[in-house]
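These notes are about the structure you will find just below.
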Amino acid sequence: MKKGNRMVLSHVFLGMLVFLPACSMSAEDEDLSKVGAVIAQVIKRAEMVNSYALEFEVRDDIAWGDGDISYTHSMLSGLSFSNPQRGYYQMTEVEGNGETETTVFTDEIYEDEDAVYVNFNQEGWIKSESYNNYSETGFEAMIQLLKEIKNMEEIIIEETEEAFEVSFPDMAEVLYEFYDPAISIMEGDAFVETGVPEAFIKIDKEDYSVREFTTKFFYDARTGSSSERVVTIEYRFDDINEIRDIKIPDEVIEEAEANE
């Protein structure tokens with residue numbers, strides 16, 4: 001198993017953001033009050049969220065200078081319930097080169113206030129501490145980000161019929177800091193940051209809940225190559241406050257106890 005790659009996925013997931021309209025407006029113009037009002041409503045809504053379904057991906061795509069491609073895509077989906085703390089997640093990672101694709105690992109995770117149970121690659125359930133604090137994800141982290149950026153001039157909001165679409169193109173420092181150390185781990189020795197990260201948040205216009213958050217980071221090869229790399233981090237949220245509870249099956253607990 002690639003425990004290092006699991007750590008990258010966990011770092012990004014634990015550093016997760018949660019959520020945030022065809023005319024465009026910026027905080028530099030007379031619509032500043034509307035920008036602030038939208039963000040205030042999103043923060044207020046997020047503070048009332050107790051459960052949601054989640055899809056989360058980290059896509060690491062490399063176009064090598066010789067024309068070849070390679071990729072590593074890490075995916076997590078699941079359910080989160082905050083009070084009391086409950087969660088169920090499935091994690092999968094695949095690697096490919098455009099011709100073949102290999103599954104690196106497939107894990108399952110249950111958690112509650114007292115314990116975390118993990119099934120690595122269908123090898124059997126065990127009680128684990130290494131995946132703790134999944135409750136500190138999603139909406140909670142996004143609230144903190146929004147509080148940081150809400151008064152910045154670079155925020156752009158576009159309004160469509162069904163959604164507010166928020167971008168902040170000149171906040172590279174904020175994004176790098178938010179995702180550190182995961183992005184630092186990904187950079188490695190072969191690639192260096194280049195250009196400006198792209199960030200996009202989609203907010204449901206009806207109830208101000210965040211539905212999507214996507215960030216892209218761009219890299220070039222450090223020396224002697226025209227290779228390029230794009231790391232995309234994407235979150236999608238659904239069934240907000242519709243999940244009533246998540247129960248860890250008795251057979252999971254029993255198997256974990258037997259494997260101690």
Side-chain angles (χ1 to χ4, degrees), residues 1-17 53-79 88-109 118-126 128 130-131 134 137-138 165 167 169 172 175-176 178-202 211-238:
M1 296 177 214
K2 291 195 175 182
K3 292 293 182 70
N5 289 345
R6 282 197 184 90
M7 288 301 295
V8 169
L9 182 60
S10 297
H11 275 305
V12 179
F13 182 58
L14 291 171
M16 180 175 187
L17 307 169
L54 164 72
E55 292 183 355
F56 164 59
E57 290 187 59
V58 179
R59 299 190 296 272
D60 187 357
D61 297 290
I62 301 176
W64 298 101
D66 61 4
D68 288 344
I69 66 169
S70 64
Y71 61 84
T72 301
H73 292 177
S74 304
M75 295 152 281
L76 181 148
S77 62
L79 306 173
Y88 171 69
Y89 310 99
Q90 294 178 309
M91 297 172 62
T92 301
E93 182 170 283
V94 299
E95 293 180 343
N97 58 16
E99 296 181 0
T100 62
E101 184 174 275
T102 303
T103 299
V104 180
F105 64 78
T106 301
D107 300 345
E108 287 183 273
I109 304 163
V118 183
N119 186 349
F120 293 114
N121 269 338
Q122 306 303 310
E123 295 175 357
W125 289 97
I126 60 171
S128 173
S130 63
Y131 284 85
Y134 271 95
T137 62
E165 299 176 353
S167 60
L175 292 168
Y176 282 120
F178 188 86
Y179 283 106
D180 188 69
I183 294 301
S184 298
I185 293 173
M186 289 181 175
E187 186 173 349
D189 295 328
F191 291 89
V192 63
E193 301 162 3
T194 186
V196 178
E198 296 177 358
F200 168 84
I201 300 172
K202 185 175 181 178
R211 297 294 176 167
E212 298 177 20
F213 178 79
T214 301
T215 308
K216 289 186 177 183
F217 295 92
F218 304 93
Y219 303 86
D220 283 342
R222 286 186 181 274
T223 57
S225 171
S226 59
S227 300
E228 297 178 345
R229 183 181 190 181
V230 179
V231 176
T232 304
I233 303 172
E234 186 171 75
Y235 307 94
R236 294 180 295 276
F237 300 87
D238 203 357

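Sequence positions, counted from 1, serve as the residue numbers for this chain. Worth knowing before you read on, the calculation uses all heavy atoms, side chains too, and leaves out hydrogens, waters and symmetry mates.
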Which heavy atom of [X] sits nearest a heavy atom of [Y], and at what distance?
| X | Y | result |
| --- | --- | --- |
| Ala63 | Ile69 | CA-CG2, 4.4 Å |
| Tyr71 | Gly98 | CE2-N, 3.9 Å |
| Val118 | Ser128 | CG2-CB, 3.7 Å |
| Gly65 | Ser227 | N-OG, 2.9 Å |

Counting distance only, does the side-chain N/O of Asn119 pair as donor-acceptor with the main-chain N or O of Glu123 below 3.5 Å?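 Side chain of Asn119 to backbone of Glu123, a donor-acceptor pair under 3.5 Å: yes, one is there.
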
Without swapping roles, check the side chain of Ser167 against the backbone of Phe200 for a donor-acceptor pair under 3.5 Å.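 Here the side-chain-to-backbone pair does not exist.
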
May I ask you to test the [X]-[Y] pair for a side-chain heavy-atom distance under 4.5 Å?
| X | Y | result |
| --- | --- | --- |
| His73 | Asp61 | yes |
| Thr194 | Val192 | no |
| Asn121 | Thr106 | yes |
| Ile233 | Phe213 | no |
| Asp220 | Phe218 | no |
| Phe105 | Met91 | yes |

Rounded to the nearest 0.5 Å, what separates atom [atom1] in [X] from atom [atom2] in [Y]?
| X | Y | atom1 | atom2 | answer |
| --- | --- | --- | --- | --- |
| Asp60 | Arg229 | CG | CZ | 4.0 Å |
| Glu234 | Lys216 | CD | NZ | 8.5 Å |
| Ile201 | Glu165 | CD1 | CD | 11.5 Å |
| Glu95 | Thr100 | CD | OG1 | 10.0 Å |
| Leu76 | Thr92 | CG | OG1 | 8.5 Å |

Stepwise, does the side-chain contact (heavy atoms from CB on, under 4.5 Å) test hold for Thr232 with Glu57? CA-CA 8 Å; Thr232 304; Glu57 290 187 59; over 6 Å; no

Parallel, tilted or perpendicular, judged at 30° and 60°: which one describes the rings of Phe237 and Tyr235?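 Because their plane-to-plane angle is under 30°, the rings of Phe237 and Tyr235 count as parallel.
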
Glu99, CD: over 12 other non-hydrogen atoms inside 6.0 angstrom: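 Result for CD/Glu99: open.
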
Decide, yes or no, whether a salt bridge links Glu55 with Arg236 under the criterion of side-chain N to carboxylate O below 4.0 Å.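 A salt bridge links Glu55 with Arg236.
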
Please test Tyr88 against Glu108 for side-chain contact (heavy atoms from CB on, under 4.5 Å), starting from the C-alpha separation and ending with a verdict. CA-CA 8 Å; Tyr88 171 69; Glu108 287 183 273; 2.5 Å; yes

